[in-house]
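All values reported here derive from a predicted model rather than from experimental measurement.
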Amino acid sequence: MKYSLGPLLFYWPAATTRAFYQRAAHSSADVIYLGETVCSKRRELKADDWLTLARDMSDAGKQVVLSTLALISAPSELKEVKRMVDNGEWMIEANDLGAVQLAAEASVPFVCGPAINAYNTEVLRMLLRQGMKRWVMPVELSRDWLVALVEECGPLRREFEVEVFAYGHLPLAYSARCFTARSLDRPKDQCELACIDYPTGRIASSREGESVFNLNGIQTQSGYCYNLINDLPSMADLVDVVRLSPQGDDTLTWIERFRANQQGHAPQPLATQQDCNGYWRQIPGMQLVS
């Protein structure tokens with residue numbers, strides 16, 4: 001089983017981002033995803049900067065994957081995606097079917113990201129013809145769904161890896177509207193890059209005080225942190241790559257905790273109204289089964 005550091009979903013200053021990846025280069029992560037997946041206005045790091053980081057991570061022995069936007073809505077954004085596809089060295093993570101098409105045209109292998117609704121063998125077969133090498137299971141699916149899908153795939157399963165999002169605020173939905181800007185009573189086109197002031201998003205709570213959602217620009221995330229560390233034994237012979245989403249420097253420590261508990265020998269205490277694992281257990285996502 002391999003462990004990956006998913007793409008940074010939040011908007012951090014350039015110096016903070018570079019420092020984080022310098023530490024990540026010395027972590028035990030096997031795979032590191034690099035690139036902007038949420039909002040094209042987040043330009044602290046541009047394409048050349050991500051490619052420089054990719055070279056650094058590759059030199060450190062990491063498998064590098066260049067992640068692309070999940071909601072492509074302008075020709076300029078498509079151009080940036082194409083720049084990533086045409087990098088000439090690394091696989092990409094496609095989070096939009098436009099990126100899948102560009103990768104297929106360029107014969108560039110790709111990871112099908114969690115933003116693409118790939119739920120059945122027919123879709124996986126189509127993506128394999130386009131050049132898919134790894135499938136990141138949509139975050140709302142369960143272990144039972146994955147077991148059934150793998151059985152249905154039969155020999156086809158040997159043609160791709162399965163990756164599961166296992167730690168971090170779940171990316172649930174994307175919108176043309178910017179929720180962070182709206183929460184500050186600003187129009188999207190005049191957001192003043194407000195996301196950079198919220199390095200882990202803005203929590204939206206219910207009247208009962210539950211953290212229902214985490215607002216991250218145009219992305220809606222789960223309010224609680226998804227954490228499958230104690231579910232790792234149930235992934236044996238089923239999951240190839242376990243993904244941790246960057247929440248801060250502590251994420252690198254969590255990689256070590258995940259590795260230590262792969263066989264269930266070092267379980268971690270999780271907290272209600274802070275952590276959740278419901279989707280994997282095929283129950284409401286906000287719930288936590290300890």
Side-chain angles (χ1 to χ4, degrees), residues 5-21 33-47 49-50 53 65-81 83-84 92-99 113-117 136 138-140 165 167-206 211-226 243-251 276 285-286:
L5 191 62
L8 175 60
L9 302 181
F10 302 108
Y11 191 30
W12 295 349
T16 302
T17 303
R18 289 192 177 95
F20 174 79
Y21 283 111
Y33 290 80
L34 298 167
E36 179 58 51
T37 66
V38 178
C39 180
S40 62
K41 295 179 72 174
R42 298 178 175 183
R43 300 191 186 101
E44 283 284 298
L45 270 67
K46 299 179 176 61
D49 300 312
W50 288 117
L53 278 176
V65 182
L66 298 175
S67 296
T68 60
L69 285 170
L71 186 61
I72 301 172
S73 57
S76 59
E77 295 173 351
L78 192 62
K79 183 178 179 181
E80 285 297 300
V81 172
R83 177 80 184 278
M84 289 296 197
I92 70 158
E93 179 188 47
N95 286 297
D96 179 280
L97 286 178
I116 291 180
N117 297 328
V136 184
V139 298
E140 72 274 20
F165 188 112
Y167 175 82
H169 289 285
L170 291 165
L172 299 175
Y174 299 83
S175 171
R177 295 186 177 185
C178 178
F179 300 111
T180 303
R182 185 68 185 89
S183 71
L184 298 170
D185 199 26
R186 299 174 189 171
K188 180 182 178 182
D189 292 339
Q190 299 172 22
C191 68
E192 300 176 24
L193 302 177
C195 289
I196 205 165
D197 296 324
Y198 303 97
T200 56
R202 297 198 77 185
I203 291 293
S205 301
S206 68
S211 300
V212 183
F213 297 118
N214 195 43
L215 305 182
N216 178 37
I218 68 168
Q219 184 185 67
T220 301
Q221 300 178 327
S222 62
Y224 298 152
C225 181
Y226 198 54
R243 175 179 294 202
L244 286 78
S245 181
Q247 310 293 299
D249 286 342
D250 193 43
T251 308
C276 63
M286 290 181 65

Q. Mind checking what makes side-chain contact (heavy atoms from CB on, under 4.5 Å) contact with Pro199, not counting sequence neighbours?
A. Trp12
Q: Determine, stepwise, if the pair Arg42 / Leu8 fulfils side chain to side chain contact (heavy atoms under 4.5 Å, CB included).
A: CA-CA 11 Å; Arg42 298 178 175 183; Leu8 175 60; over 6 Å; no
(Q) For Ser245 versus Phe165, what's the shortest heavy-atom pair and its separation? (A) CB-CZ, 3.5 Å
Q.
Please find the pair of heavy atoms, one from Asn216 and one from Cys195, that lie closest to each other, and give the distance.
A. C-SG, 4.4 Å
Q: Taking the side chain as every heavy atom from C-beta outward, state whether Leu193 and Tyr11 have any atom pair closer than 4.5 Å.
A: yes
**Q.** Leu5 side chain near Thr251 side chain, heavy-atom distance below 4.5 Å
**A.** yes
Q) If only atom types and distance count, is the side chain of Arg202 paired as donor or acceptor with the main-chain N or O of Leu215 below 3.5 Å? A) no
Q: Quick one: pull up CG in Leu66 and CD1 in Ile92 and give me the separation to the nearest 0.5 Å.
A: 8.0 Å
Q) Got a sec, which residues hit ring-ring contact (aromatic ring centres under 6.0 Å, His included) with Phe213, two or more places apart in sequence or on another chain? A) none
Q. Does atom CZ of Arg182 have more than 12 heavy-atom neighbours from other groups under 6.0 Å away?
A. no
(Q) For a quick test of reading the model, state the closest non-hydrogen atom pair linking Lys46 to Arg43 and the distance between them. (A) NZ-O, 3.6 Å
Q) Tell me, do Cys225 and Tyr167 make a side-chain contact under 4.5 Å, heavy atoms counted? A) yes
Quiz: residues 168-178 side-chain donor-acceptor pairs under 3.5 angstrom, not counting sequence neighbours:
residue: His169; atom: ND1; partner: Ser222; partner atom: O; Å: 2.8
residue: Tyr174; atom: OH; partner: Gln219; partner atom: NE2; Å: 2.9
residue: Ser175; atom: OG; partner: Arg177; partner atom: N; Å: 3.0

Q: Return the minimal non-hydrogen interatomic distance between Pro246 and Pro7, and the atom names on each side.
A: CD-O, 3.6 Å
Q) What distance separates Leu45 CG from Leu53 CG, expressed to the nearest 0.5 Å? A) 6.0 Å
Q) Does some side-chain heavy atom of Glu44 sit less than 4.5 Å from a side-chain heavy atom of Ile196? A) yes
Q.
Can you list everything that forms a side-chain contact (heavy atoms from CB on, under 4.5 Å) with Asp197? Sequence neighbours excluded, please.
A. none
Q. How long is the span from the OG1 atom in Thr16 to the CZ atom in Phe10, to the nearest 0.5 Å?
A. 14.0 Å
Q. Does a side-chain heavy-atom distance below 4.5 Å link Pro114 with Glu140?
A. no
**Q.** Partner set under ring-ring contact (aromatic ring centres under 6.0 Å, His included) for Trp50, not counting sequence neighbours
**A.** none
Q) Should Leu69 and Glu80 count as side-chain neighbours, where that means a heavy-atom distance under 4.5 Å? A) no
**Q.** Closest heavy-atom pair and its distance - Ile72, Leu78
**A.** CG2-N, 3.9 Å
Show which side-chain atoms of residues 34-41 pair as donor or acceptor with protein atoms under 3.5 Å away, not counting sequence neighbours.
residue: Glu36; atom: OE2; partner: Val38; partner atom: N; Å: 2.9
residue: Glu36; atom: OE2; partner: Cys39; partner atom: N; Å: 3.0
residue: Ser40; atom: OG; partner: Glu77; partner atom: OE2; Å: 2.7
residue: Lys41; atom: NZ; partner: Lys188; partner atom: O; Å: 3.0

Q. Looking only at atom types and distance, does a side-chain atom of Asp96 sit under 3.5 Å from a main-chain N or O of Leu71, one as donor and one as acceptor?
A. no
(Q) Let's go through Glu192 and Leu184 carefully: what are the C-alpha distance in whole Å and the side-chain angles of both, what is the deciding distance for side chain to side chain contact (heavy atoms under 4.5 Å, CB included) to 0.1 Å, and is it a yes or a no? (A) CA-CA 10 Å; Glu192 300 176 24; Leu184 298 170; over 6 Å; no
Q. Which pair of non-hydrogen atoms, one from Arg186 and one from Cys191, has the smallest distance, and what is that distance?
A. NH1-O, 2.9 Å
Q) With a 4.5 Å heavy-atom cut-off, do Tyr198 and Asn214 have their side chains touching? A) no
